[in-house]
Each structure stands twice: as structure tokens, then as C-alpha cells.
Amino acid sequence: MDYAKAAKQVYEAIGGRDNIVSAAHCATRLRLVIADNDKCDKEAIEAAEGVRGVFFSSGQLQVIFGTGTVNKVYDEFVKIAGITGATKEEVKQAAAARQNPLKRMIKTLGDVFVPIIPAIVASGLLMGLLEGLAQVFPSMTESGTYTIIHLFSNAAFVFLPILIAISAAKTFGGNIFLGAVIGMIMIHTDLLNAWSVATAETIPTASAWFGLYDINLVGYQGHVIPVVIAVWFMSALEKKLHKIVPEIIDLFVTPLVTVLVTGYMTLTIFGPVFSWIETGVLNGVEYLITLPFGIGSAVAGGIYALTVVAGVHHMYNALEAGLLSAGGLNIWMPIATAANVAQGGATLALAVRTRNKKLKATALPSALSAFMGITEPAIFGVNLRYTKCFAAGCAGGFLGGLVAGITGVGATAYGITGIFGYLITTQHILAYTAVMGVSFVSAFVLSWILYKEPAEAAGKKEAEQSQESVPEQETARIGEGEETVYSPLTGNRIPLSEVPDETFASGVLGEGFAVEPSEGTVRAPFDGTVETVYDTCHAIGLTSGGGAELLIHVGLNTVELGGKYFKVHVSDGEKVKKGQLLLEFDMEQIREAGYSLVTPVIVTESGDRRITPAGMGPVKAGDPALTLTLQNDCRTDSEV
């Protein structure tokens, strides 16, 4: 392709130099921060040469070109624009700065609460399973084993402020151990446990700010926002002190002043004020979603998918954590399930109805993914392209939310929705089933009625049938062959559609699979050539002996690590043998940095080969993963 032409088309479509704030690229996408998004002609960008997709995400305009192409277009783009290329982290910071304050706040909440989901899920699952078994076998509550496991099941909730404080300190750039100390101060045993206030005869108090007023010496069990605010202040103070305190005394002065000032401010100002605000917000939400006849829950279920599209759905994590921490049930989770299952039902209806094989192949696994609680493939890959189906999903979420509100179903954790939600709704299984059933059926039926097969799909099918009707004796089969792509990683193999990144999940970059790795090594999936080792070391492009091009992209958004925690063992142009070590990565450090390790393995150029995947599930490096079969080249004898 003409890379300069493609770059110029994108440059002109985004509004020229004056509209560019920053530019960078990753393994597959041109990542641009734009001054005024309204000046961008998205349709013109999509029509540019080589462009496979365009979308706005996290304040960035992301233009998908694919591996091996994007870097060449990027080089031409910076020449035409007359700008200096930025690093991925600089682009990320520029994009964050351009987001409105509300979106920045919501993203920050997501950054704080998403990393602690595994701890909440572990405790919530144990709690749900334990309560479910206790209902079936009441006598087990008298056993020592029950007592011990019950202790495990609520540990994350008892010490939730500490978990939040550590995650918040990491998000705000503070010392995570100082953050942990602030969390400990807020639930210190010298404070009256917040859950014991109702039964306490007296509440201890202390004079604050030289006798100006008294504060209640009560812990902050059951609160989450005061912890976030306190650690935000702590991190800002710590960074300021590092700048002004001389290095020779910084080691002990900065931590001392940081803990002393933040701790006092927390117990006397941040805690009382923001706990009052948080309590009001939680009471308001609970009032909304418990309105008579489930009206509030229905509205929430109907608009949930819209918040996913807007990228602000992570704000619900704070709400759910607050509901659980306050000692109640998570009544928000079934509403989220209603919305997710409904989008899956709408997608499944389209998958069943459509005659477009490519669309069916995308829609079916996307629907299954939504039933498991991951809706990005269904929403971004299918339903938003067919807006009536998306609307059907929203309608199904409304009706499912209505059922959730009427029945009052709740969960013992957050971070899980859909089918797996049964594990944390053991006390409300029938009600939860009703929520899922109503959501699915209503969305499926509405989507089935509203979806109309595009005329072009019908025309394409007729053309395919016409081609398939060519008599066998008038064709010649040439260049038949078969190649096997072996798994480059050990772990759990999942469909590409279940990758929580719309670019990979939608298949716009090509077909393939993904691996949730259990070992931090990447090995050659065939005998071939290393075409590209990305400078950030997180992705490698290979070409097989038969000419198929493969991209191995370790983790999601790991380009932002800038090569940290990765070690490459090969270089561009190097010949490799199947099983040869290509790359090592530190799984623990990457996870702690907040990145998903789900690794897409994509055939970006198949060379007219049909791609047949192996089954999903556990896989070892070197196991067969894909079969590439050169399709028959059907031409008449004279053409041959």
C-alpha cells in the first residue's frame, strides 16, 4: 500500500496540524490525541487506504492499520504533520488531560477498584458458597471447619479500607505502604468498630483542632470514598515533600510528616465529611433501585449498556464495594447482569438470523461472551453496528432490571455477572434466574423482529452460491497445502471474541485465538522468520514458511509499560525454529502494574488460507492451535 497516501488521508481527515495534540503508535493502532474531536471526519478516516477500523477510547483517536503497517504509516504521518513522535505514556497522559473532569474522576475510580476485584471475588464466592451450603445443611454451622472458612469469607470486607488504600496509593503515585498505614489508621482497633455503633452504649469522642469541636472515635468499616480521598491527599502531600525536603533527611522526614498530617486530617475532616456524603449517595442509589414496582432498577438496567459504550461503567465498582462494605447485599450486580445478558440475547438473535457467514462467526462467540459477563465484543463488535439490535438489548436490560427490582435479588461480591453470578447469589437463585430469563428472552425476540438482513449481504451470498455452482470439470486446483500454527504460550486458550478489547475481539485485525498464560514465556509457533520485534518488547510479528503473518501481542495495553518486565531473545529478520524461545515476561509484575495478561495470537495475513482453530481450554506451548489450509484457487482451464 501507499503508506504516505494513507498517512496524508488520515492527517487531512482529522483536521490538520492545528488539531493534533500528540501522536504515537502501538503494535496495531495509530494513537492520536485530538484538540477538537468535532473536527474529525470519522467516515473519511475509515475510508483511508489500509484503515481497518476507527474508534475513540480513553481520550484517544485510535486508527487501526494492523501489525507491520501501522509503524510505516506512523513514520509518514509525523513527517507530513511536522511533529515529533511521542511515547505511549506521553500520549496516555495527554489523552487523560483532555478528558472532562467527570470522565477523569470515573476513570480514576476504575483504576482504584478494578485491581482489587480478585480479592473481593474470592471472599464473595466463599461467602456465597458457604451460605448456600448452610441452607442445605444447617448443622454445618456448628463445625470448626465452617468457623474457619467463614473467617476467610469476610476477610476482604473487614479489611477493605486497607486494600482500597493500597490500590489508591498506586493509582495516585504515592507510596503503597504509607497508603496501607492510612487504611490501617481508619480501622484501628482503638476506634469503635463502625458495625458496633448501633449496639454501643456510648460512643467515645475526642477534641479536635485545639478544642474547636469533638469527633466520634469510630472506625470507617463500611466506607470506601473517605479512604480514596485520604490517600489522594496523602499522595499529593508526599510528592510535594519529596520536592522540597533536602535529600539527606527526606528518608525519614517525608514519611513522618505525610502520615502525621494525613492521619490527623483524615480522622478530623476527610473521614467525617466524606463518610456523610458517601452515606447520602448510597442511600440515594438504594432508594432509586428499590422504588416501588422496580422502576428505578428498570431504568438502571436500560441505560447500563450506554455507560459501557461511554466507558464510565467502572464507576459502579465503587458503588458495589460500598453496598457490600456497609454490610448489605450487592443489589446492583443483578441489574448489571440483566443488561449484559440482554445484549448477549440481542447478539445471539442476529447470529441465528443472519446469512452473512463472517458476521455469524463474530456474533455467536460474542453472545456467549456476554452471557459470561464480558459484553465489549457483543456491544462494540456487533450491536453498535446494528443499532436496532443494541436498542433491543437495552430494552431487555430494562425488563430484566425491573424483575431485579421487584424481587430484591442481591449478591455477596462484585466483579462477576451473567452465568457465573450464580456463584454469588446462592440465596436468590430462582429470582436471579428470572432476571436472566426475562432479559434474554425479551432482547432475543425484539432483536429477531427488528434485525433486517442488509441487501449487500444477500447479494454476496448469491455471488458465493454462483461461484460454488461452477462445474468441477471446468476448474483446476493449484497450490494446495496446509500449515499448522502451534500455541506459543502455555495457559488457557480462549476465543478471540472473549478478549476484553474491542479491536482484537471484533476480528478486525484477523482471526486467531487468545491465551491466558500460566507461564511467562513465548515460543515460536512454527518455523519461520521474525519480521518485527516492537521497541516496547510486548509484541512480535512473525512470518511462516508458507507466507502467513502472525502477531503475538502479550497482554492488553502493555505497550504503556515501555518494555518494562519484558525480555526479548530474538531480533528482526532472524530465522526461528518451532519451540524456540522468543520472549520472556514477568507475569507478577505486569499484573501488579494493573494490566491484563490475556495474549491475542492473530493471523494478520493468511495468504488465502482458510483458518481452522483447535478447541479451547488448557493448552501447552507447542500444542496445535490453528490449521492454515490453502484454499482451492478455482479458475478455468484457459485462465490457468
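Numbering starts at 1 and runs along the sequence shown. This structure is a prediction, so every number in the text was calculated from the model and none was measured. Note: hydrogens, waters and symmetry copies are ignored here, and every other heavy atom, side chains too, is used.
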Query - Atom pair CG (Leu597) and CD1 (Ile590), whose distance is rounded to the nearest 0.5 Å - result: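 Result: 5.5 Å between the selected atoms.
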Query raised in the report: Hey, what do you get for CD1 (Ile176) to OG1 (Thr171), rounding to the nearest 0.5 Å?
Result: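 It comes to 11.0 Å.
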Side chain to side chain donor-acceptor pair (under 3.5 Å) partners of [X], counting only residues at least two apart:
X      : result
Thr558 : none
Thr529 : Lys575
Ser167 : none
Glu531 : Thr543

Requested in this report: Determine the minimum heavy-atom distance between Gly491 and Ser518, stating which atoms define it.
Outcome: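 Closest approach of Gly491 to Ser518, heavy atoms only: CA-OG, 3.6 Å.
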I'd like to check the side-chain contact (heavy atoms from CB on, under 4.5 Å) partners of [X]; sequence neighbours left out, ordered by chain and number.
X      : value
Asn175 : Phe177, Leu178, Glu238
Ala44  : Ala13, Asp41
Ala349 : Phe444, Ser447, Trp448

For [X] and [Y], indicate whether the former's side chain and the latter's backbone hold a donor-acceptor pair under 3.5 Å.
X      : Y      : value
Glu574 : Ser571 : yes
Arg523 : Gly579 : yes
Gln9   : Glu49  : yes
Lys577 : Asp527 : no

Query raised in the report: Does the side-chain contact (heavy atoms from CB on, under 4.5 Å) test come out yes or no for Val70 and Val73, once each step is laid out?
Result: CA-CA 5 Å; Val70 66; Val73 174; 5.6 Å; no
Report task. Sequence neighbours left out, what passes ring-ring contact (aromatic ring centres under 6.0 Å, His included) with Phe566? Give chain and number order. Result ->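 Residues passing ring-ring contact (aromatic ring centres under 6.0 Å, His included) with Phe566: none at all.
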Query raised in the report: Residues two or more places apart in sequence or in another chain: which of them pass ring-ring contact (aromatic ring centres under 6.0 Å, His included) with Phe371?
Result: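 Checked Phe371 against ring-ring contact (aromatic ring centres under 6.0 Å, His included); matches are Phe440.
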Query - Full working for side-chain contact (heavy atoms from CB on, under 4.5 Å) between Thr354 and Tyr386 - result: CA-CA 12 Å; Thr354 185; Tyr386 303 93; over 6 Å; no
Query - Greater than 12 external heavy atoms within 6.0 Å of Lys567's NZ - result: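 No - once you tally the heavy atoms of other residues, nucleotides and ligands closer than 6.0 Å, there are 12 at most.
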Query raised in the report: More than 12 foreign heavy atoms under 6.0 Å from CZ of Phe420: is that the case here?
Result: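 No, the 6.0 Å shell around CZ holds no more than 12 heavy atoms from other groups.
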**Report entry** Pair Leu350-Val382, side-chain contact (heavy atoms from CB on, under 4.5 Å): steps then yes or no
**Finding:** CA-CA 9 Å; Leu350 183 149; Val382 181; 3.9 Å; yes
Query raised in the report: Which residue pairs satisfy the side-chain hydrogen bond (donor to acceptor under 3.5 Å, both in side chains) criterion with at least one member in residues 339-349, sequence neighbours excluded?
Result: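 Every side-chain hydrogen bond (donor to acceptor under 3.5 Å, both in side chains) pair that includes a residue of residues 339-349, provided the two are not neighbours, is Asn340-Thr417, Gln343-Asn383, Thr347-Asn383.
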Requested in this report: Any chance you could lay out the side-chain contact (heavy atoms from CB on, under 4.5 Å) test for Cys40 and Ile34, step after step, and finish with the verdict?
Outcome: CA-CA 8 Å; Cys40 291; Ile34 306 301; 3.7 Å; yes
Query raised in the report: In terms of the angle between their ring planes, are His25 and Tyr74 parallel, tilted or perpendicular, with boundaries placed at 30° and 60°?
Result: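 Ring orientation, 0 to 90° scale: tilted.
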Report task. Using the ring-ring contact (aromatic ring centres under 6.0 Å, His included) rule, collect all pairs that involve residues 511-564, keeping only residues at least two apart or in two chains. Result ->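 Of all non-adjacent pairs touching residues 511-564, those that pass ring-ring contact (aromatic ring centres under 6.0 Å, His included) are Phe504-His553, His538-His553.
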Going by atom type alone, with no hydrogens or angles, which donor-acceptor pairs under 3.5 Å involve a side-chain atom of residues 582-589 and a protein atom two or more places apart or on another chain?
unit_1	atom_1	unit_2	atom_2	d
Glu584	OE1	His569	NE2	2.7
Asp586	OD1	Glu588	N	3.2
Asp586	OD1	Gln589	N	3.1

